[in-house]
Amino acid sequence: MMSSIDCDVLVIGGGINGTGIARDAAGRGLSVVLCEQDDLGAHTSSASSKLIHGGLRYLQHYEFGLVRKALREREVLMRCAPHLIRPLRFVMPHMPGLRPAWMLRCGLFLYDHLARRELLAGSRQVALPPHPAGAALRPGIARAFLYSDAAVDDARLVVVNAIDAQERGARILTRTRCESMVAEGRLWRASLRQADNTLIGVRARSVVNAGGAWAARLHGPQKRTLRLIKGSHIVVRKLFDHEHAYIFQHADGRVVFALPFEDDFTLIGTTDVEFDGDPRHVAVSAAEIDYLCQLSNTYFRTQIGPDDVAWSYAGVRPLVDDGSGAAQAVTRDYQLVSENTSAPLLSVFGGKITTFRVLAEDALDELGKMIDVPGGAWTARSCLPGGDLPGSAHGRGNFVASAQARYDWLPAALARRLALAYGTRMHRLLAGCDRIEDMGKPLMAGLYERELHYLADVEWARSAEDVLWRRTKLGLRATPAEVDGLACWMQTKGAAP
């Protein structure tokens, strides 16, 4: 017999927008069910450039409103999740023949002043090579501009939103596909199929379509056209020995980031390529790898090629089709489309990871025009799980040091990783452990059974890929034998309860 659930809101899609909306809705007193066909953040939301940023390059397309909104959110999110979001200083080398220096100075002045900035330093010009960032660059690059943004663990940001939603009463159903949805009067009846073929019936007062690249496929009276744009990244062994990032101009008008990544690596991306395939099966092309390597080689002393790529990933960005010609010119802003001709349906189109929280807030305000929503906006003032560090946005370093002192029986590198991945929730993960033997069997260096049980029981991890590439980035260091061993462990001991 098929089980049945009644709820106020059914959210379809477990990416950053879906989990953000589920969290906001649950916190306002609504009963929420979220279904995701794969793992949380398995697609676009874990395939970003790992940045919380205003979008400096959007200024050239005159998207001042989007940049202002994103800059405001940058400050909010740094306070809400300081364990997952860290300040990052960018170096923009000036290259003759590309954008002139006066244009870069004007753009950075706007970037500094479009929104109130309290947590990050402003922009300035520096001479190269005296500045440490110049040592990694090729000879002849004489000056650069510095400005601030922030880096984020994008996949974990999705997970902590889902955790908060669940702790506020939402039901999170991963690996659960919405097979059908029919309006009956003012209600929706949906049929959800889980990975084991179990069917769950849902009767919902409203539906939020946050399906990302699949959002346009959900039937409704109004149709919206999305442009699917593939963005690809490569990861190589680190090309510089400092904590700054780089933003490089290209002669084709694009900009590409080179970021310090996971201590020993450099992340380079992204591309903008039209995509018309299945978003579940997207991969970096050889041409994209060549493009990113060539651009890196234009700037860095250390030259790279396809054989140097340790990892690559691609995601499909579902952007609102605004009629722009070039893919990089398509707006990154979002649209919320409400359809209330029968049962209430709200569809989310477009958006970027930086604006997920305010998107969710706007979505709940829009939903409130169709159903009764008891509470008001609240997420701007509430830390995400693990984010309540002493000292808030400035507390990362102190928290890591205190965690290493408190758990001095852990290797220092492991204590640091756990502190930055879980924030204050690491105390729950390590509850009752007083020595390394209490962590259980190691599946690979720095990954013990204790953490795996936590990921399976609390964070919906069900596979080796979930653990190695979304809950952690330990896949960068795992051997094929370790991957196989972890996969076996997850199939047996890590199965859903």
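Everything numeric here is computed off the predicted structure, so don't read it as measured data.
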With a 4.5 Å limit on heavy-atom distance, are the side chains of R205 and P344 in contact? no
Give a yes or no answer on whether the side chain of T271 reaches the backbone of S232 with a donor-acceptor pair at less than 3.5 Å. yes
Are there more than 12 heavy atoms of other residues, nucleotides or ligands under 6.0 Å from atom CG of D278? yes
Enclosure of R186 CZ (heavy-atom neighbours >12, cutoff 6.0 Å): yes
Any donor-acceptor pair under 3.5 Å from R317 side chain to G350 backbone: no
Close side-chain approach of H43 to P279, heavy-atom, < 4.5 Å: no
Is a side-chain donor or acceptor of W460 paired with a backbone partner of L40 at a separation under 3.5 angstrom? no
Assess the pair Y147 and Y111: is the distance between their ring centroids shorter than 6.0 Å? yes
So R471 and Y454, do their side chains get closer than 4.5 Å, heavy atoms only? no
Is any NZ, NE, NH1 or NH2 atom of the basic residue among D39 and R470 found under 4.0 Å from an Asp or Glu carboxylate oxygen of the other? yes
Looking only at atom types and distance, does a side-chain atom of D154 sit under 3.5 Å from a main-chain N or O of S48, one as donor and one as acceptor? yes
Taking the basic N atoms (NZ, or NE/NH1/NH2) and the acidic carboxylate oxygens, is any pair closer than 4.0 Å for E63 and R68? no
Taking side chain as C-beta onward, heavy atoms only, is V11 less than 4.5 Å from V33? no
Report the C-alpha distance between N161 and T19 in whole Å, list the side-chain angles of each, state the deciding distance to 0.1 Å, and finish with yes or no for side-chain hydrogen bond (donor to acceptor under 3.5 Å, both in side chains). CA-CA 6 Å; N161 272 275; T19 56; 4.8 Å; no
Any side-chain heavy atom of R175 sitting closer than 4.5 Å to one from D38? no
Considering only NZ, NE, NH1 and NH2 on the basic side and carboxylate oxygens on the acidic side, decide whether R28 and D372 come within less than 4.0 Å. no
Quick check: closest heavy atoms across L10 and A190, and the distance to 0.1 Å? CD2-CB, 3.7 Å
Quick one, E184 with R203, criterion salt bridge (Lys or Arg N to Asp or Glu O under 4.0 Å). Give me CA distance, side-chain angles, the key distance, then yes/no. CA-CA 9 Å; E184 293 185 356; R203 187 171 64 176; over 6 Å; no
Less than 6.0 angstrom from the centroid, inside 45 degrees of the normal: does R156 satisfy that with respect to the ring of Y422? yes
Can you check whether T270's main-chain N or O pairs, donor with acceptor, with R254's side chain at less than 3.5 Å? yes
Minimal heavy-atom distance between G446 and L474, with the atoms involved, is O-CD1, 4.4 Å
Take E73 and R357 through the salt bridge (Lys or Arg N to Asp or Glu O under 4.0 Å) test and state the conclusion after the steps. CA-CA 8 Å; E73 281 302 291; R357 189 208 62 82; 2.7 Å; yes
May I ask you to test the L120-R74 pair for a side-chain heavy-atom distance under 4.5 Å? yes
Keeping the roles fixed (side chain from D466, backbone from S463), state whether a donor-acceptor pair exists under 3.5 Å. yes
Quick check: do M426 and F399 have side-chain heavy atoms less than 4.5 Å from each other? yes
Would you say L51 and V152 make side-chain contact, with heavy atoms under 4.5 Å? no
Side-chain donor or acceptor of S45 paired with backbone N/O of I16 under 3.5 Å: yes
So, the side chain of T354 versus the backbone of H53: is there a donor-acceptor pair under 3.5 Å, distance only? yes
Within 6.0 Å of CZ in R416, more than 12 heavy atoms from elsewhere: no
Step by step, would you call E167 with R425 a salt bridge (Lys or Arg N to Asp or Glu O under 4.0 Å)? CA-CA 13 Å; E167 291 179 354; R425 293 293 174 107; 2.9 Å; yes
So is K69 actually on top of F64's ring, under 6.0 Å and inside 45° of the axis? no
Please step through salt bridge (Lys or Arg N to Asp or Glu O under 4.0 Å) for the pair E243 and R86, ending with a clear verdict. CA-CA 11 Å; E243 290 303 312; R86 73 180 192 278; 5.1 Å; no
side-chain hydrogen bond (donor to acceptor under 3.5 Å, both in side chains) between S338 and N340, worked out: CA-CA 6 Å; S338 56; N340 201 19; over 6 Å; no
Criterion side-chain hydrogen bond (donor to acceptor under 3.5 Å, both in side chains) on E179 and S191, from CA distance to verdict: CA-CA 6 Å; E179 289 208 329; S191 178; 4.9 Å; no
Can you name the one residue among V273, D272, V316 that meets side chain to side chain contact (heavy atoms under 4.5 Å, CB included) with I229? D272
Tell me whether R396 contacts the main-chain N or O of H83 through its side chain, where contact means a donor paired with an acceptor under 3.5 Å. yes
Evaluate Y334 against D362 for side-chain hydrogen bond (donor to acceptor under 3.5 Å, both in side chains), listing each step before the verdict. CA-CA 10 Å; Y334 56 84; D362 289 346; 2.5 Å; yes
Under the 3.5 angstrom rule, does the side chain of S3 hit a backbone N or O of I200 as a donor-acceptor pair? no
